[in-house]
Q: 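Structure incoming, see below.
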There are 2 protein chains.
Amino acid sequence: MDKWRIRVILRAMREISMKAMLRLTGLSADLVRAWERRYGAVSPKRLPSGRRIYGQAEVRRLKLLAELVRQGHSIGGIAGLPDSELVELRAGTRVPSIAGSENLADDVRDLLRAVGGFDLAEVQLLLARSRHAMSPREFANFLVPQLMSEVGRLIDEGRMSVAHEHALSDLVRHHLRKIYEELEPVNGSLKPERRLGFATPEGHHHDFGLLLAAVGCRYRGECTHFLGPNMPAEALAGAARELGLAAVVLGVSVLPPEEIKVKPDEYLARLDAALPKRTELWLGGPGVSGLRRRRSARETWVFESLDALDGKLRRLRARA
Amino acid sequence: MDKWRIRVILRAMREISMKAMLRLTGLSADLVRAWERRYGAVSPKRLPSGRRIYGQAEVRRLKLLAELVRQGHSIGGIAGLPDSELVELRAGTRVPSIAGSENLADDVRDLLRAVGGFDLAEVQLLLARSRHAMSPREFANFLVPQLMSEVGRLIDEGRMSVAHEHALSDLVRHHLRKIYEELEPVNGSLKPERRLGFATPEGHHHDFGLLLAAVGCRYRGECTHFLGPNMPAEALAGAARELGLAAVVLGVSVLPPEEIKVKPDEYLARLDAALPKRTELWLGGPGVSGLRRRRSARETWVFESLDALDGKLRRLRARA
DNA sequence: ATTACTTGTACAAAACATGGACAAATGGCG
DNA sequence: CGCCATTTGTCCATGTTTTGTACAAGTAAT
């Protein structure tokens, strides 16, 4: 028979058996079947033999339901809600869910108008709507960069001030932070953990890009620890040791000369000296191009874009 | 027969079961039912089976009632008031300086242990629990300062590193930011607006204290605009003009000499020159004591503590 | 043959409703 | 101050609904 082929196809489409689903969700077989039978909580596809197969969407939904039930919601009350409202329930924010996000460009345009008019409440609303209308990945990798670069352009043209930008930054960062929080893996993922730590060097206060990277990694199912900006080398090394980090992801920005307190190269030397031998160093951000090439026994990798980071994760995952 | 299958899930969005409501409000089932039966404090909808379901409005109202009762109001006296008057009541009450000290100490202890073990997921959980178990004010004015000062002490003693502190800061800030967001004025139930803008001077990247101040002001029902840290004087002045701010609240921290890009006094001079005549300047934070006394036609006020800021708001409110 | 999974039924525990009772706290009032 | 009525949080008894888990009997996969 070509059962083998079926299996390969299933794996390729990320569709998994019940047992695998149970591992991912932490639920019991009887319970999931009861939820399905009594409330129609999920409707997994079936093999010709009648066996259930769960796709990514079902697993995600079951994880959501399980988490909400743990939080005190009654399964009967939430099993019928669509995914988007489950997410809202978990987030605790009310969002006037507009049907579908028509176009990324439209969303950006609306946001820019609201920012220009300093209507922060409206910006907040639009961001919330966009965040729920698209996937975390779309939000973090497309909408946010596009929005911020447009704002940068408008500032260059003198049609907006940095005040607009800062106020917007605070709101956008807040939403990214929420996404990061909500992506928290419920149960240990299938693979053994590869812990990643995120920080920016001492004197580097902007953790915007770092947050984007962390969101991307969580989205890929990595076990991430956000340690924050402005992290002294020795403290970061200590944290890496305590946490047993497989890699430290360092977000390096470009600072105006008068703000440089610790030279990036010096910082890296100190970090390299203090960091545990096995911990890899992944460097990203606008500031990496200016770094001197160092020689070190340590596995060091420079990524030029978030896509490159994403690619690396996919490669690592495929190998395992 | 199969009544399960026939059963229609007719719960609308954002309506939650009693158990979930209890978690959010921190009240007990018996108590809520008593309030409902005796005073009609809330009137939750019912499922066909008779079970109560609570919407956003009811949860908010119960939280409000619980907080006011904790502050000494009698439930019988306030249970019948409309939401707007409850908010008004909260905005005008003097808050007891000590709020369940033994409980607070427990929370802080648990948090410190989790931080020390670098268990960020646990910290996140504990913060979320505390945030819901106490009023925004208790969280922002008691738990957060106590927690952070304890961490500072542990760092001085060498029992914690700044990495712990930064990772914790990120999480606490996130929760403060959420509180700020959730305090968004209900429905303009309060007095005509006195718009306040919040920022830190150029080069000052820490907006932790600023956020605390903003939360405090929103709690008092003020119309607040959080403009963010590191704000150039001219941009801030422009924002004040556009927004028609009644006052700019500036959070000044103490910077190590090598990080000072713009001297605070110079910054203030520039700000004073650019700011609209009618906009007041409220200065707070650890850095205000080092400021030179300036002469200016502008109404300028220096506050030494968050309590002082709170007091000013109450005085303004009482006058109106 | 063993394991994993199916459907259907059954049952016990948890959650919740109602109404009543009770003691501690509160607040006049003589 | 003592005394009494009221307020208020908590607890209990009893019945119903909801929900998690167990099990039997049969089928597919390894």
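We name chains A, B, ... by the order of the sequence lines, and we start the count at 1 in each one.
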Q: Spell out, as yes or no, whether a donor-acceptor pair under 3.5 Å connects the side chain of Glu58(B) to the backbone of Gly55(B).
A: yes
Q: Can you say whether a donor on the side chain of Arg51(A) sits under 3.5 Å from an acceptor on the base of dA29(D), or the other way round?
A: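 Counting by modelled atom types and ignoring angles, no donor-acceptor contact under 3.5 Å is found here.
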Q: Just the rounded figure in Å: distance from P of dT27(D) to CZ of Arg46(A).
A: 16 Å
Q: Below 3.5 Å, can you tabulate the donor-acceptor pairs from side chains in residues 33-40 of chain B to any protein atom, sequence neighbours excluded?
A:
{"from": "Glu36(B)", "atom 1": "OE1", "to": "Arg52(B)", "atom 2": "NH1", "distance (Å)": "3.0"}
{"from": "Glu36(B)", "atom 1": "OE2", "to": "Arg46(B)", "atom 2": "NH2", "distance (Å)": "3.4"}
{"from": "Glu36(B)", "atom 1": "OE2", "to": "Arg52(B)", "atom 2": "NH1", "distance (Å)": "2.9"}

Q: Taking ring pair (Phe, Tyr, Trp, His ring centres under 6.0 Å) as the definition, give me every residue that meets it alongside His174(B), ordered by chain and number, with sequence neighbours left out.
A: His174(A)
Q: Please report, rounded to the nearest Å, how far the C1' atom of dT30(D) is from the NZ atom of Lys19(A).
A: 12 Å
Q: Can you name the residues that form a ring pair (Phe, Tyr, Trp, His ring centres under 6.0 Å) with Tyr219(A), not counting sequence neighbours?
A: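 Ring pair (Phe, Tyr, Trp, His ring centres under 6.0 Å) check on Tyr219(A) returns nothing, list empty.
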Q: Which pairs count as salt bridge (Lys or Arg N to Asp or Glu O under 4.0 Å) when at least one residue sits in residues 71-80 of chain B, sequence neighbours excluded?
A: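 Of all non-adjacent pairs touching residues 71-80 of chain B, none passes salt bridge (Lys or Arg N to Asp or Glu O under 4.0 Å).
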Q: Would you say Ser49(B) places a side-chain N or O within less than 4.0 Å of OP1 or OP2 belonging to dC16(C)?
A: no
Q: Under the ring pair (Phe, Tyr, Trp, His ring centres under 6.0 Å) rule, what pairs show up with a residue in residues 110-135 of chain B, not counting sequence neighbours?
A: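 Every pair satisfying ring pair (Phe, Tyr, Trp, His ring centres under 6.0 Å) with a residue in residues 110-135 of chain B: Phe118(B)-His164(B).
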Q: Quick one: list whatever passes side-chain contact (heavy atoms from CB on, under 4.5 Å) with Leu309(B), sequence neighbours left out.
A: Ala213(B), Cys217(B), Trp282(B), Trp301(B), Phe303(B)
Q: Using the test ring pair (Phe, Tyr, Trp, His ring centres under 6.0 Å), find all partners of Phe226(A) that sit at least two apart in sequence or belong to another chain.
A: Tyr180(A)
Q: Taking the axis from the first five pairs and the axis from the last five, what angle separates them in the helix from dA1(C)-dT30(D) to dG30(C)-dC1(D), rounded to 10 degrees?
A: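 Comparing the first five pairs with the last five, the axes sit 40° apart.
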Q: Answer with base, sugar-phosphate or nothing: what part of the nucleic acid does Arg52(A) contact at a heavy-atom distance below 4.0 Å?
A: sugar-phosphate
Q: Protein-nucleotides 8-13 of chain D N/O pairs closer than 3.5 Å?
A:
{"from": "dT8(D)", "atom 1": "OP1", "to": "Ser74(B)", "atom 2": "OG", "distance (Å)": "3.4"}
{"from": "dT8(D)", "atom 1": "OP1", "to": "Ile75(B)", "atom 2": "N", "distance (Å)": "3.4"}
{"from": "dT8(D)", "atom 1": "OP1", "to": "Gly76(B)", "atom 2": "N", "distance (Å)": "3.0"}
{"from": "dT8(D)", "atom 1": "OP2", "to": "Tyr39(B)", "atom 2": "OH", "distance (Å)": "3.0"}
{"from": "dT8(D)", "atom 1": "OP2", "to": "Gly76(B)", "atom 2": "N", "distance (Å)": "3.4"}
{"from": "dG9(D)", "atom 1": "OP2", "to": "Trp35(B)", "atom 2": "NE1", "distance (Å)": "2.9"}
{"from": "dG9(D)", "atom 1": "N7", "to": "Arg38(B)", "atom 2": "NH2", "distance (Å)": "2.4"}

Q: Let me know the distance between CZ of Arg33(B) and P of dC16(C), rounded to the nearest Å.
A: 8 Å
